[in-house]
Novice: 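Encoded as C-alpha cells, here's the structure I'll be asking about.
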Amino acid sequence: MSEKFSAVIVDDDRAFAELLQGVFEDSGMWNVTGVFHDLHDFYSTVPPDQVLAQQMLPDLLVLDVLASRTVLTDIVPTTGLQIALILRNFDLAFGTLFISSMSSESLLPMLKAQHPQGWAYLVKSPSLTTKEILSAAQQALLL
Amino acid sequence: MTPRLRVLPVVLIQFSIILCLILLAMELGQDDSKVRVILSVFLSVFLIVSYAIARRAQSSVVIQDKERTLQMHNEAMSLVAEAEIAHRREVAAWIHGTLQSSLLTLSHSLSTSGNEEGSLQIAKMCDEIVRKKAHDLYPPQLEVSLLLALQDLCLNRAELTVSPNLELSALKDFSSVVIPVDVRVAAYRIVEEGLNNALKKVTTTNVHVYLKAEGGSLQISILDNGEMMSDEPKSSLGFSLIEAYVSRCRGSWSISNADSGVLLTANLLFHQGSLSTMVPKSVQDLLRGKEK
C-alpha cells in the first residue's frame with residue numbers, strides 16, 4: 001500500500017472541518033494530521049526555523065481564507081491567503097487548498113502569478129461533492 | 001442664537017457712539033455753524049461706515065454659521081457611512097459564516113436522510129441567493145485584500161493597475177502597504193461608482209483604473225475613453241456616495257474631461273500601519289531565522 005498524503009485542516013466552521021476530515025480520511029489516501037479552528041492556532045505551531053517548519057508542514061494545507069475567530073473590527077485581519085503566501089515565500093513546500101464561502105474569480109490567477117504550482121480553490125457550497133474536494137486536493141499537491 | 005442677535009452688541013455700541021456725537025455736536029455747534037457742518041459730515045461718514053461694519057459683521061457670522069452647519073452635516077454623513085459599513089460588514093459576515101454554514105449542514109442532513117430534492121433546493125438557494133446577497137452587502141474579498149476585491153470588480157470590465165506596494169508580491173519583502181478596512185471599502189465603492197458611470201456611456205470601449213499608495217494616501221484614478229462631459233457634472237446619488245466616502249477618509253475628489261474621455265480622481269487619507277504588525281510573530285521569527 002502506498003504512503004498516504006498528510007493534510008492539515010484550518011477552518012473556524014467546526015461542522016465543515018469535521019465533514020472535511022471525514023472526506024479525507026474515508027478516501028484512504030489522506031491522513032489528517034491536524035485540525036485547527038482558528039488561523040492563529042495554526043500559525044503559532046509553525047516553528048521559527050525553516051527546516052523544522054518544513055518538517056512540521058503537511059503535504060496539503062486545507063485552509064479557509066477567513067479562518068479566524070477575531071472579532072470584526074476596523075483592524076485589518078490576517079487571512080489564510082497572506083499566511084499561505086508568506087510561508088510559500090520562505091521556500092516552504094506544501095500545497096494549499098482554499099475552501100471558502102467567498103467566491104472570487106481572481107483568487108487563483110493571483111496566487112499562481114506568485115507561485116505557479118501548489119494551489120487549488122473551492123467555494124464552500126452544499127452542492128460540493130466528495131469527488132470535487134479530493135480532486136482539488138490532488139491538484140494542489142506539489143509533486 | 002440667530003446672526004441678528006449676535007451682532008446686537010456691535011449695533012448698540014455704534015448707536016451709543018452716534019448718540020454721544022450728536023450730543024457733542026449740539027453742545028459745540030450751538031454758536032458755530034462751521035463746527036456744526038463738520039460734525040454733521042463726520043457723523044454722516046461715521047453712520048455709513050458703522051452700517052457697513054455692522055453688515056459685514058452680520059454676513060461674517062452668517063458664513064461662520066453656514067460653515068459650522070456644513071461641518072456638522074459632513075460629520076453626520078461620515079458617522080452614517082461608518083455605521084453603514086460596520087453594519088453591512090457584520091451582517092455579511094453572519095450570512096457568510098453562520099447562515100451559510102447552517103444551510104450547508106441542513107443540506108447535508110437532508111441528503112443523508114434521502115431527501116435529495118430538498119438538499120438540492122437548499123444548495124441552490126445558498127449558491128444563487130444567499131451568497132450573492134452577502135456579496136452585495138459587503139464584498140468578502142475586502143477582508144482579504146483590496147487588490148483581490150478590485151481584480152474581481154474590474155474583471156472583464158476595466159484594466160486595473162496598482163503601485164508595486166499594493167501587489168501581492170510585496171509580501172515577499174514586507175514592503176506591502178496595509179490599507180485599513182474602512183479605506184478599502186471607500187476605495188472599492190468609489191471605483192465601483194466610477195466604473196458604472198464610465199460603462200453607462202455607450203461610447204466607452206476602454207476603462208483604466210489606477211491605484212497608488214504613497215505616504216498615507218491612496219490615490220485612485222478612473223479614466224475612460226467615452227463621451228466627454230458637455231457641462232459641469234450634475235449632482236447625483238452616485239456623486240453623493242463618492243462625496244460621503246471621500247469625506248470620511250478626509251480626502252478629495254474630482255471629475256473632469258481628459259484628453260479623450262472622462263477622468264475621475266480621488267485621494268483618500270489613512271493611518272499607515274506596517275505589515276510587520278500584521279504578520280504573526282512565529283512567521284516573523286521564521287523570516288529572521290532565514291536571514292541569519
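In the text below, chain A, chain B and the rest are named by the order of the sequence lines, each starting its count at 1. Fair warning: this is a prediction, and the values are worked out from it, not measured in the lab.
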Novice: Check this for me, if you would: do B:R88 and B:E84 make a salt bridge, where the nitrogen-to-carboxylate-oxygen distance has to be below 4.0 angstrom?
Specialist: yes
Novice: Given the options B:D127, B:T105, B:L103, B:I95, which has more heavy-atom pairs under 4.5 Å with chain A than any of the others?
Specialist: B:D127
Novice: Measure distances from B:Q100 to the heavy atoms of chain A and classify the residue's part below 4.5 Å as side chain, backbone, both or neither.
Specialist: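 Side chain of B:Q100 only, per the 4.5 Å heavy-atom cut-off to chain A.
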Novice: Just give me the residue among B:V185, B:L155, B:L148 that pairs up with chain A most often, heavy atom to heavy atom, under 4.5 Å.
Specialist: B:L148
Novice: I'd like to verify something: which residue of A:G80, A:A15, A:S127, A:S104 has the highest number of heavy-atom pairs under 4.5 Å with chain B?
Specialist: A:S104
Novice: Write out, in numerical order, the residues from residues 108-123 of chain A with a heavy atom short of 4.5 Å from a heavy atom in chain B.
Specialist: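 So the qualifying residues are A:M110, A:Q114, A:V123.
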Novice: Are a donor atom and an acceptor atom from the side chains of B:S252 and B:N267 found within less than 3.5 Å of each other?
Specialist: no
Novice: Please classify the contact of A:L107 with chain B as side chain, backbone, both or neither, using a heavy-atom distance under 4.5 Å.
Specialist: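 Both backbone and side chain of A:L107 come within 4.5 Å of chain B.
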Novice: Just verifying a value: how many Å separate B:K124 NZ and B:C126 SG, rounded to the nearest 0.5 Å?
Specialist: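 Between atom NZ of B:K124 and atom SG of B:C126 there are 13.5 Å.
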Novice: Let me have the donor-acceptor pairs involving side chains of residues 133-143 of chain A, under 3.5 Å, with sequence neighbours excluded, atom names and distances please.
Specialist:
none

Novice: When you measure from the side chain of B:D152 to the backbone N and O of A:S106, does any donor-acceptor pair fall under 3.5 Å?
Specialist: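 At least one qualifying donor-acceptor pair exists.
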Novice: Is it true that the side chains of A:N31 and A:S6 contain a donor and an acceptor less than 3.5 Å apart?
Specialist: no
Novice: Checking B:H96 against chain A: side chain, backbone, both or neither under 4.5 Å from a heavy atom?
Specialist: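 For B:H96, backbone and side chain are both near chain A.
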Novice: Does any heavy atom of chain B fall under 4.5 Å from the side chain of A:L128, the backbone, both, or neither of them?
Specialist: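 Interface part for A:L128: neither.
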Novice: Taking the side chain as C-beta and beyond, is there a heavy-atom pair between A:H40 and A:Y43 under 4.5 Å?
Specialist: yes
Novice: Do B:S111 and B:E116 come close enough that some side-chain heavy atom pair is under 4.5 Å?
Specialist: yes
Novice: Would you kindly say whether B:S113 and B:N115 are connected by a side-chain donor-acceptor distance under 3.5 Å?
Specialist: no
